[in-house]
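Right, one structure below, let's go through it.
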Amino acid sequence: MGRRGAVSAAESPASPHRLHLKLMADEKEFRYDPAEIETKWQQRWAADPALYAAEPAASGKPKYYVLEMLPYPSGQLHMGHVRNYSIGDALARHMWMRGYNVLHPMGWDAFGLPAENAALKNNTPPRDWTLANIAAMKRQMQRLGLGYDWATEVTTCLPDYYRWNQWFFLRMYEKGLAYRKKSKVNWCPECATVLANEQVIDGRCWRHEDTIVEQRDLVQWFFRITEYADELLEGLDKLDGWPEKVRTMQRNWIGRSEGTEVDFSLEGSGEKIRVFTTRVDTIFGATSVQLAPEHALVANFTASDAVLRAQVDEMIAEQKKARETGDIGAIEKHGVATGKFAINPYNGEKVPIWVANYILADYGTGAIMSVPAHDERDFEFATKYGIEIRRVIAPAAGGEEPELPFVSEEGVLVNSGEYDGLSCEAAQKKLQEIAASGVFGEAKVTFRLKDWGVSRQRYWGTPIPMIHCEKDGMVPVPDDQLPVLLPEQIEITQQGGSPLGRVPEFVNVECPKCGGAAKRETDTMDTFVDSSWYFYRYIDAKNSTAPFGRELAGYWFPIDQYIGGVEHAILHLIYSRFWTRVMRDLGLTKNNEPAERLFTQGMVIKDGAKMSKSKGNVVSPDDMVARYGADATRMYALFAAPPDRDLDWQEDGVAGVSRFLGRVWRLVAKHAEAARAGRGQSIEAPQGVTLKLLRKMHQTTAKITQDFEGRWHFNTCVAAIMMLVNELQGADAELSAGEVPPAAMHELLRTLVLLLAPFAPFVAAELWEELGEEGAVLRAAWPVSDPELAKEDEIEVPVQANGKLVTVVRVESGADQETLKKAAMADSKVQSRIEGKTIIKVIVVPGKLVNLVVR
RNA sequence: GCGAAAGUGGCGGAAUUGGCAGACGCACCAGACUUAGGAUCUGGCGGGGUAACCCAUGGGGGUUCGAGUCCCCCCUUUCGCACCA
């Protein structure tokens, strides 16, 4: 196809001989021109929305839901997106060709701060800015030839989506899963809003890595994710289609720890100091009680003690600073004795009460019993301050007394009164029971996971559907008044407080209960609310009476394959699992987990570093597509590394893939006429070069099919296609001389195009047409490898002497041990190598190798 | 500190179960063709050696007829967690 005079195929149905005639007329004119082919097919695909559309369940085909994480509409795709979507699209296309009913949707995580920042900077309304970005990125995706069903597109910032956020919020409020409380929260001064714990990374904002997150006391809305903590944890064990790394990260994040709460009493008062411990078996070794500086009791102590007050304040400041800079683990342990004492309820022993800087107010009860002999930190602390260190656990195995601290639980109790001799495990159980029956404690499970703070003091998010009435208190917005629309014309400023609070028309409402004057909640929801359930909306994106239909969810869920970056291992993926369970309990879905399988792809890096504007090493997808075409860009993204590893972007590599596609192009064009002549004919008793080529073709098919089914090493799939093409090209003389019958030629080129289709959809579509095939290549059946034809009839077997390679012998592929051995011994190189030596042993692995052990 | 993954030519990477280390591609070199091109085609390309051969998968040890692959120790890099009681 030449640059000049090409008629858009959308206008005229393809002339089957077009390419070939062009080739004859002017060989040089026949050049692989990705821009032209890709434009043509992009138009055709746009005109045929059914091509990538999912079918109803009644299609009878097995369903396959493949999902890539939806992007934030920043306005520009980056290479990480291109890689993510190239993987998903290859899989989707493969599954289509395998005859599945594939759902492959795309959408936009469209609420968020950047839109407000852009509004400030350019004086553009966030909505306009966002929608323009979406349009731009959608164009990029279409230019890349990604096969999405745009009829199901979801844009989270539009009312028909976010009204369901509000609807879910109300359902959660009714179930007590959404609640309000005052608490210490993470505050990013740069975002001027609260952040969830999950959004604080090393004490810094997840969006501003140089901005230290502050702690503030605010009244906030929370989702009770902790209600599902155990279930979220247990569910991980069954998620064997998820990477172990992600599961481990979630386990750590949930941080379940089983232990006992025990009340020590404050000497000289009836007050109780409740401590949490995982090692109640060591309680006879408790030689002090340690309180967090912010513990409620500490305030009582300091009220009458100015010196103590000052010391505690200093510790609070220190903890705050450490928390903010993220080196909480690094501060030196220190503390101060309060002069007060606590009574151990098990033995009535009086131990001193300290305040220590390493005790956290928000974990456990904010108070611990300190057992220096059997805990690293307590040991360090006690050594520093000369607090008694008392051994109460001896190794179960007996023998010498181990050095302290002895933290193992493989032990028995000593110096523990009537409990001496019990194993740690037994003692924990026993002491727990005693605490419960004596009403001075109980078994307790503590989690690191905290409830999800969802209030944001920002404009560009889902309004929280709540109304504050002086008379009726907190009143939910009735369902029939949803959505609570986000006002459109609003001035964005960087003043404190929620921007919505400055919009009187929004704020002032009638109370739905009493009809009196009331005020709307002005905080908006965390954008992670949007992304927690978006993939359910795809299946029923136009539904105006429910977030989605139950039946449809039953059909499509769980997602068969979810693909995205590992950076969402905690945030998005834990919230999604939570949300799925909430929906299940609302009776909307049956599945416990959103996705059966999760794949986390590696990062795209350049020159060994993550691409970033500040490093100036950003590669623009548009640029790549303009220079080498979408097919080459996508195929390189799959070829340069296995999908789970980091990928080093090398532009020369893209050029290489582009050259390869040019070779395929010319190869098929050159022999297309012969191939077309062989359509519908059957191949009979192939031999010689025909057999050789067909064999390679079947081997390649088998390899790629297998990879799609499990390993996903698409880099080697592309390499295998290259080898097949190299082999075909190497036989060019025979092909041109007509030595390969048309039927075989047809089969070879047709299969080559089919194998290429998931990776380079544009070239595949064009060549499919060129071969005179009907219908979309996407709906053609994936080729099946014939093991008989894939089998070599002769193989090369290495012959070793003492494990070192001597030579390679050719034998029939089914050759038995004896034949192999004979062939090896007959070889002249082997002969000269073993001359004058004794053969001690001969190892023959049929089909693999011969190894002679000689001396 | 704890946990996980990784370390192979100049570069990206291959070797799926212990069986020819370096597939495929990039870069580079040589040649062909040529209205000279960032096009296409052919060949070469881990290191040493004229050669027979020898050496080589972060380092050291081990198991084995045979180790990039399994085991032990160590080094480096990346990621995650890190006063969680």
Side-chain angles (χ1 to χ4, degrees), chain A residues 27-28 31-32 202 243-246 248-249 251-253 255-257 259 275-279 282 290 292 319 322 326-333 356-360 362-371 375-378 380-381 446-448 566-567 569-570 602-603 608 627 636 639-642 644-657 659-660 662-663 666 703 706-707 710-711 713 715-723 725-726 729 732 796-808 832-833 840-845 847-854:
Chain A
E27 194 148 353
K28 281 184 63 187
R31 202 170 267 184
Y32 169 55
D202 289 337
E244 193 49 52
K245 181 189 164 87
V246 171
T248 304
M249 283 167 73
R251 273 190 202 104
N252 290 339
W253 186 261
R256 184 180 199 273
S257 119
V275 305
F276 174 71
T277 177
T278 53
R279 293 295 307 276
T282 65
Q290 308 275 348
Q319 274 193 342
D327 17 72
I328 269 217
I331 53 175
E332 208 201 316
K333 290 176 192 36
N357 69 338
Y358 69 99
I359 308 302
L360 307 171
D362 61 356
Y363 185 79
T365 59
I368 65 154
M369 62 174 202
S370 177
V371 185
D375 182 277
E376 297 274 358
R377 288 156 312 183
D378 295 348
E380 190 189 325
F381 194 86
T446 297
F447 292 94
R448 206 185 84 109
V566 75
E567 65 274 16
I570 302 286
M603 280 192 308
R627 253 182 253 196
Y636 175 75
F639 176 60
D644 55 335
R645 294 247 291 258
D646 285 353
L647 181 157
D648 193 52
W649 195 271
Q650 296 184 358
E651 191 171 330
D652 285 335
V654 190
V657 172
R659 281 199 292 273
F660 164 72
R663 288 214 308 277
R666 289 186 296 276
K703 191 253 176 301
Q706 211 181 347
D707 247 302
R711 216 171 58 130
H713 278 201
N715 54 330
T716 60
C717 290
V718 174
I721 298 175
M722 287 173 169
M723 279 155 74
V725 170
N726 289 348
Q729 221 180 350
D732 190 62
E796 291 189 335
V797 174
V799 182
Q800 301 179 334
N802 296 335
K804 294 221 167 128
L805 184 71
V806 177
T807 188
V808 171
S832 63
R833 180 67 72 92
I840 297 164
K841 200 173 169 187
V842 182
I843 287 138
V844 183
V845 185
K848 290 281 186 188
L849 95 167
V850 179
N851 189 15
L852 309 168
V853 187
V854 297

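Side chains included, hydrogens not; waters and symmetry mates left out as well; all remaining heavy atoms used. Just so it is clear: chains get the letters A, B, ... in the order the sequence lines come, proteins before strands, and each one is counted from 1. Just so you know, these numbers come straight off a predicted model, no measurement behind them.
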Phosphate oxygens OP1/OP2 of [N]: is one of them under 4.0 Å from a side-chain N or O of [X]?
X         : N      : answer
Ser257(A) : A85(B) : yes
Asn802(A) : G66(B) : no
Arg663(A) : G25(B) : yes
Arg659(A) : C41(B) : no
Asn726(A) : G25(B) : yes
Gln729(A) : U42(B) : no
Lys804(A) : C55(B) : yes

Does Asp375(A) or Arg645(A) map to a spot on RNA chain B nearer the 5' end, using the closest nucleotide for each?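 Going by which nucleotide is closer to the 5' end, it is Arg645(A).
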
Ala640(A) vs Leu805(A), nearer the 5' end of RNA chain B by closest nucleotide: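 First, find each residue's nearest nucleotide; the 5'-ward one identifies Ala640(A).
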
Should the side chain of Asn851(A) and the base of C65(B) be counted as holding a donor-acceptor pair, with the cut-off at 3.5 Å?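 When only heavy-atom distances are counted, Asn851(A) does reach the base of C65(B) through a donor-acceptor pair under 3.5 Å.
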
Considering only heavy atoms and no angle criterion, is a donor-acceptor pair shorter than 3.5 Å present between the side chain of Lys333(A) and the base of C83(B)?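 Between C83(B) and Lys333(A), which were checked side chain against base, a qualifying N/O pair under 3.5 Å is present.
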
Among the nucleotides A85(B), A23(B), C26(B), which one has an atom lying closest to any side-chain atom of Asp652(A)?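 Closest of the options to the side chain of Asp652(A): C26(B).
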
Counting heavy atoms from C-beta on, name the nucleotide in G19(B), C26(B), A85(B) closest to the side chain of Lys848(A).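 Nearest nucleotide to the side chain: G19(B).
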
Could you check G9(B) for me: syn (within 90° of 0) or anti?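 You should classify G9(B) as syn.
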
Distance between P atoms of G10(B) and G58(B) (Å, rounded):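 It works out to 13 Å between them.
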
Provide the distance between the two C1' atoms, one in C11(B) and one in G80(B), to the nearest whole Å.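 To the nearest whole Å, 29 Å.
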
Give a yes/no verdict on a cation-pi contact between Lys333(A) and Phe381(A), requiring under 6.0 Å between NZ or CZ and the six-membered ring centre and an angle within 45° of the axis.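 No, a cation-pi geometry is absent between Lys333(A) and Phe381(A).
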
At 4.0 Å (heavy atoms only), tell me whether Gly656(A) reaches a base, stays on the sugar-phosphate, or touches nothing.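 It contacts sugar-phosphate atoms only.
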
